[in-house]
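Throughout, a chain's letter reflects where its sequence line sits, starting with A, and its residues are numbered from 1. All values reported here derive from a predicted model rather than from experimental measurement.
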Number of protein chains: 2
Amino acid sequence: MSDDPDYLGRLRDYYARHRVLPSYSRIGGLLGFSSKASVAKLVGRLQAAGYLEFTADRRLKPGRRFFERSVAGSKVAAGFPSAVADDLQDDVAIDQDLVRHPSRTVLVTVKGDSMIDAGLLPGDRAVVERRHTAAEGDIVVAIVDNESTIKRLAKERGRFVLKPENKAYPILRPKELEIFGVVVGSYRKYR
Amino acid sequence: MSDDPDYLGRLRDYYARHRVLPSYSRIGGLLGFSSKASVAKLVGRLQAAGYLEFTADRRLKPGRRFFERSVAGSKVAAGFPSAVADDLQDDVAIDQDLVRHPSRTVLVTVKGDSMIDAGLLPGDRAVVERRHTAAEGDIVVAIVDNESTIKRLAKERGRFVLKPENKAYPILRPKELEIFGVVVGSYRKYR
DNA sequence: TTGCGCGGCGAACGATCGTTCGCTAGCATA
DNA sequence: TATGCTAGCGAACGATCGTTCGCCGCGCAA
């Protein structure tokens, strides 16, 4: 029952819908302000907190923390479920969390169920950092016979092999093995 | 060596950097136009093609196709891996893909392996949209005995039950069942 | 060769923008 | 009670916005 207007939340919702920030007067209308001056002050606060920034030409843009999400803990106090949200541990920006080197990072759609025991289902997006070397145990995107495939990189008698994480599939022992990149993360949408 | 100015591409680059579209005059400067009228016409073309849209209050915003990227399959042309890289390039697409209603969205860390067959491993982050109702078949965060738990919502003789996706776990038939939110996505980091 | 569509130019215009300033009301501290 | 701080209001202002209109030059098809 908080009467916190949650201005930031509403701005984020607007942005999620439109991928653009509205003008000060629209923000005012959106948040219930009747004066643009109030908006200016709010923007100042949000900017100081790192949620908003300005481009070089003074156009409003989302700041670093704009895309952060709060992480809820698992404790639930006294059967009151909103307490789950109060148990917030910290804020995480999904993108920054998953992508460390944007210019070298690519998304690859997972095909097939050969990595299902590693939690990679068909249709999942794998976050792949491109590079030509990988370590034993890494999940890699490899090029075999002009096809890309996602497997666990393992060693067998001093040779690198590709291990599916699904007992129904055999270990691959390709003559030529080219590493396309290393899987550093993955995500999926439900429904 | 195309002399195609690739206006759209440069607009996308700007947007990727700033998460905001510039004004007509800035677009002009950016793309090498000296007249805003030219920009207006270009915008008209891009709008007709579905790359740009306007909000209800006529503010320029990215259109449906603005975030399109060529969807690369698993084929790798002539052993040249960069073909795979033509997939999604945009780091931020991840967040925007997963989170539809920022103000109602929370991250919850998955505990235990009871949902492992649904691809939810311990430590995974579940993207949860907070709400008190859910449909049969949804993966939900529910509150049972003052603890939050992630399970598949199912129906059994007209009653809602919580189904783990792991044969080692029993179906939960709690007397009291409170929905905390619906899992709309998940992601994980490797290493 | 003429005509026409298209992409871009340049200037002008009213609308909207964000800023600024002084003001009020509430709340916490002293 | 007095003091300040914070959030918001309301009006005015110059700057910038996006639109509009007429114009030009090029390429292509008749």
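A straight line from OH of Y7(B) to C1' of dG8(C) spans 8 Å, rounded to a whole angstrom. Taking atom CZ of R58(B) as the reference point, atom P of dA15(C) lies 15 Å away to the nearest angstrom. Rounded to an integer number of Å, the gap from CG of D57(A) to C1' of dC17(C) is 14 Å. The distance from atom NZ of K41(A) to atom P of dG22(C) is 12 Å, rounded to the nearest whole Å. If you measure from atom CD1 of I27(A) to atom P of dG18(C), you get 7 Å, rounded to the nearest angstrom. Atoms CD (Q47(A)) and P (dG18(C)) sit 14 Å apart, rounded to a whole Å. dA15(D) atom P lies 19 Å from atom CZ of R59(A), rounded to whole Å. The CG-C1' distance, from L42(A) to dT6(D), rounds to 13 Å in whole Å.
With hydrogens and angles disregarded, no donor-acceptor distance shorter than 3.5 Å links the side chain of R188(B) to the backbone of S186(A).
For a distance-only test at 3.5 Å, the side chain of K36(A) fails to qualify as a donor-acceptor partner of the base of dG10(D).
Annotation: cation-pi pair R10(B)/Y7(B) absent, no NZ/CZ under 6.0 Å from the ring centroid and within 45° of its normal.
Which of dG10(D), dC17(C), dA11(C) sits closest to the side chain of R26(A) comes down to dC17(C). Side chain of R45(B), nearest nucleotide from dC17(C), dG8(C), dC9(D): dG8(C). Of the candidate nucleotides dT20(C), dT19(D), dC17(D), dC17(D) has the atom lying nearest to any side-chain atom of S25(B). With distances taken from any side-chain atom of Y24(B) to the nucleotides dT19(D), dG8(C), dG10(D), the minimum falls on dT19(D).
Residues E165(B) and K163(B) are not paired through a salt bridge, judged by the lack of any N-O separation under 4.0 Å between the basic side chain and the carboxylate. Between K189(A) and D97(B) there is a salt bridge, since at least one side-chain N of the basic residue sits less than 4.0 Å from a carboxylate O of the acidic one.
OP1 or OP2 of dG10(C) has at least one side-chain nitrogen or oxygen of S34(B) nearer than 4.0 Å. Considering only side-chain N and O atoms, S35(A) lies nowhere under 4.0 angstrom from the phosphate OP1 or OP2 of dG8(D). Distances shown here put every side-chain N or O of S38(B) at or beyond 4.0 Å from the OP1 or OP2 atom of dG7(C).
Where A37(B) and F54(A) each meet DNA chain C at their nearest nucleotide, the meeting point lying more 5' is that of A37(B).
Between F67(B) and Y15(B), the ring centre distance stays below 6.0 Å.
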